[in-house]
Amino acid sequence: MEESWVDGLDDTKVTLALIAGLLGLLYWYSISAFSQLQKMGIRHPKPTPFIGNVLLFQKGFWEGSSQILKKFGPISGYYLGRRPMVLLSDPEAVKQVLQKDFFNFTNRMKMNLATKPMSDSLLCLRDEHWKRVRSVLTPSFSAARMKEMCPLINQGCDVLLSNLQKYAVSGEPCNVQRCYACFTMDIVASVAFGTKVDSQKDPDHPLVQNSKKFLELFTPFKPVFLLTLAFPSIMIPIARRLPNKNRDQINSFFGKAIKEMIALRDQQPPDKRRRDFLQLMLDARTSAANISVEHFDIVNQADVAAHVRDEPRKKTTKTLNEEEILGQAFIFLIAGYETTSSLLSFTTYLLATHPECQEKLLREVDKFAENHDGADYNTVHDLPYMDMVISESLRMYPPAFRWAPLCCILYLFGTGL
């Protein structure tokens with residue numbers, strides 16, 4: 001009996017030792033990545049085990065980043081999970097990264113949980129794949145092509161004004177942020193997905209509903225998001241394989257919608273096709289299918305000259321498949337929806353609280369209306385004070401204030417870091 005009691009005691013000690021060892025390893029893992037910034041001499045807030053400094057950004061990256069820069073200086077850092085991040089607000093350092101040594105920062109921060117078709121967008125592509133898609137899309141953003149999309153944007157503006165006019169006549173309070181959100185949703189749907197909607201009058205439109213569901217996928221601080229930050233090597237493969245009914249339904253809807261739209265456009269003669277970003281991407285599928293600039297209204301001869309210079313380079317085998325086309329359409333939804341509605345909302349707020357600026361802007365717009373039939377790509381440049389108002393709104397309330405390039409080599413700043 002005595003021998004078995006000793007054996008039992010030894011088993012207990014072994015079990016406790018194993019538990020203590022595992023807890024020690026787990027604690028070591030939780031903080032093992034948090035020495036990188038200190039080794040580089042970059043000051044940063046103390047990270048929380050496993051998740052780093054992510055809790056500093058519960059109210060948004062603007063407030064969290066501002067606190068870090070104010071406390072730790074213009075070149076500081078933080079940990080997003082186990083990943084070290086360097087914050088730059090020093091003008092010379094920013095210039096060095098974005099101009100002098102930009103070739104060392106060719107890729108964006110990797111979005112590990114992105115799946116197709118989002119993973120085929122320029123936000124997620126890397127290296128040669130990114131260069132190929134970007135080179136195909138670049139001609140779509142020439143001045144001539146942008147002018148062609150102005151009528152679509154003006155149609156959305158007319159719908160917005162019609163919706164706001166009802167509030168002006170009735171005197172009822174207006175949720176202007178919601179009106180602007182509907183306006184930007186209508187523009188994205190029209191330009192990127194080739195579909196005309198009025199999301200304020202028809203909020204249940206399938207495209208509107210699925211677009212909102214898609215944007216909700218990027219909500220941070222979900223349990224899966226925090227677990228992915230804490231255990232990326234384990235959680236990323238699991239998260240990619242876990243069934244996600246909502247995500248699959250969204251991808252299925254947009255995939256089907258794009259395929260149907262492509263089939264419809266292919267049946268139409270080139271000069272009858274809707275002139276939007278979707279059509280420009282479809283034109284870029286093959287060099288043989290490209291519609292020449294002659295099919296579009298040319299108002300700037302410089303665009304024709306640029307087209308002639310680029311003609312030899314267009315005769316290539318570079319193409320976009322349907323998933324890549326859908327991926328680029330998603331960029332409009334991510335980059336253009338909330339950013340534009342936020343800008344318009346803050347600009348409206350600032351004008352309402354600064355009536356003298358509102359009056360000056362109104363005089364400029366009235367004078368503009370006397371000299372022009374309407375606003376388009378060319379005439380909008382005759383509104384300098386409008387440009388100042390928008391620029392000041394962006395300065396005070398920037399909807400997109402950070403860019404996260406990924407350094408591809410061991411890099412030293414010329415600022416002494």
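Sequence positions, counted from 1, serve as the residue numbers for this chain.
- For the side-chain contact (heavy atoms from CB on, under 4.5 Å) test with Ser199, the passing option among Thr184, Val208, Val159, Asp204 is Val208; the others fail.
- A donor-acceptor pair shorter than 3.5 Å can be found between the side chains of Thr348 and Tyr180.
- Using modelled atom types and a 3.5 Å distance limit, the side chains of Ser190 and Arg274 yield a donor-acceptor pair.
- A cation-pi arrangement, defined by a distance under 6.0 Å to the six-membered ring centre and an angle within 45 degrees of its axis, is present between Arg82 and Tyr29.
- The shortest side-chain heavy-atom distance between Leu383 and Glu364 falls under the 4.5 Å cut-off.
- Looking at heavy atoms from C-beta onward, Ser211 lies out of side-chain contact with Val188 at the 4.5 angstrom threshold.
- In this structure, Phe254 has its ring center closer than 6.0 angstrom to the ring center of Phe193.
- When side chains are defined from C-beta on, Arg275 does not count as touching Leu152, because their heavy atoms never get closer than 4.5 Å.
- Two residues are said to be in side-chain contact when any heavy atoms from C-beta on lie closer than 4.5 Å; Gln328 and Met281 meet this criterion.
- Between Phe72 and Tyr78, the distance from one ring center to the other does not fall under 6.0 angstrom.
- A side-chain contact (heavy atoms from CB on, under 4.5 Å) with Leu361 is found for exactly one of Met386, Met388, His354, namely Met386.
- With Asn244 contributing its side chain and Arg247 its backbone, the two residues share a donor-acceptor pair below 3.5 Å.
- For the pair Ser341/Phe183, no side-chain contact is recorded, criterion being any heavy-atom separation below 4.5 Å from C-beta on.
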Practice item. Determine, step by step, whether Asp120 and Lys116 satisfy the salt bridge (charged side-chain N to carboxylate O under 4.0 Å, His left out) criterion, reporting the C-alpha distance in whole Å, the side-chain angles of both residues, the deciding distance to 0.1 Å, and the verdict. Key: CA-CA 6 Å; Asp120 287 318; Lys116 286 182 175 294; 2.9 Å; yes
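- Using a 4.5 Å cut-off on side-chain heavy atoms (C-beta onward), Ile334 and Phe214 make contact.
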Practice item. I would like to know whether Thr48 and Tyr79 meet side chain to side chain donor-acceptor pair (under 3.5 Å); could you show each step before the answer? Key: CA-CA 9 Å; Thr48 302; Tyr79 287 93; over 6 Å; no
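- Using a cutoff of 4.0 Å between basic side-chain nitrogens and carboxylate oxygens, Lys367 and Asp382 are not scored as salt-bridged.
- Two residues are said to be in side-chain contact when any heavy atoms from C-beta on lie closer than 4.5 Å; Tyr385 and Val365 fail this criterion.
- Taking the six-membered ring where tryptophan is involved, the planes of His372 and Phe368 are tilted, since the angle between them lies from 30° to 60°.
- Residues Leu217 and Asn246 meet the side-chain proximity criterion, which asks for heavy atoms closer than 4.5 Å.
- A salt bridge between Lys213 and Glu216 is absent, with no side-chain N of the basic residue lying under 4.0 Å from a carboxylate O of the acidic one.
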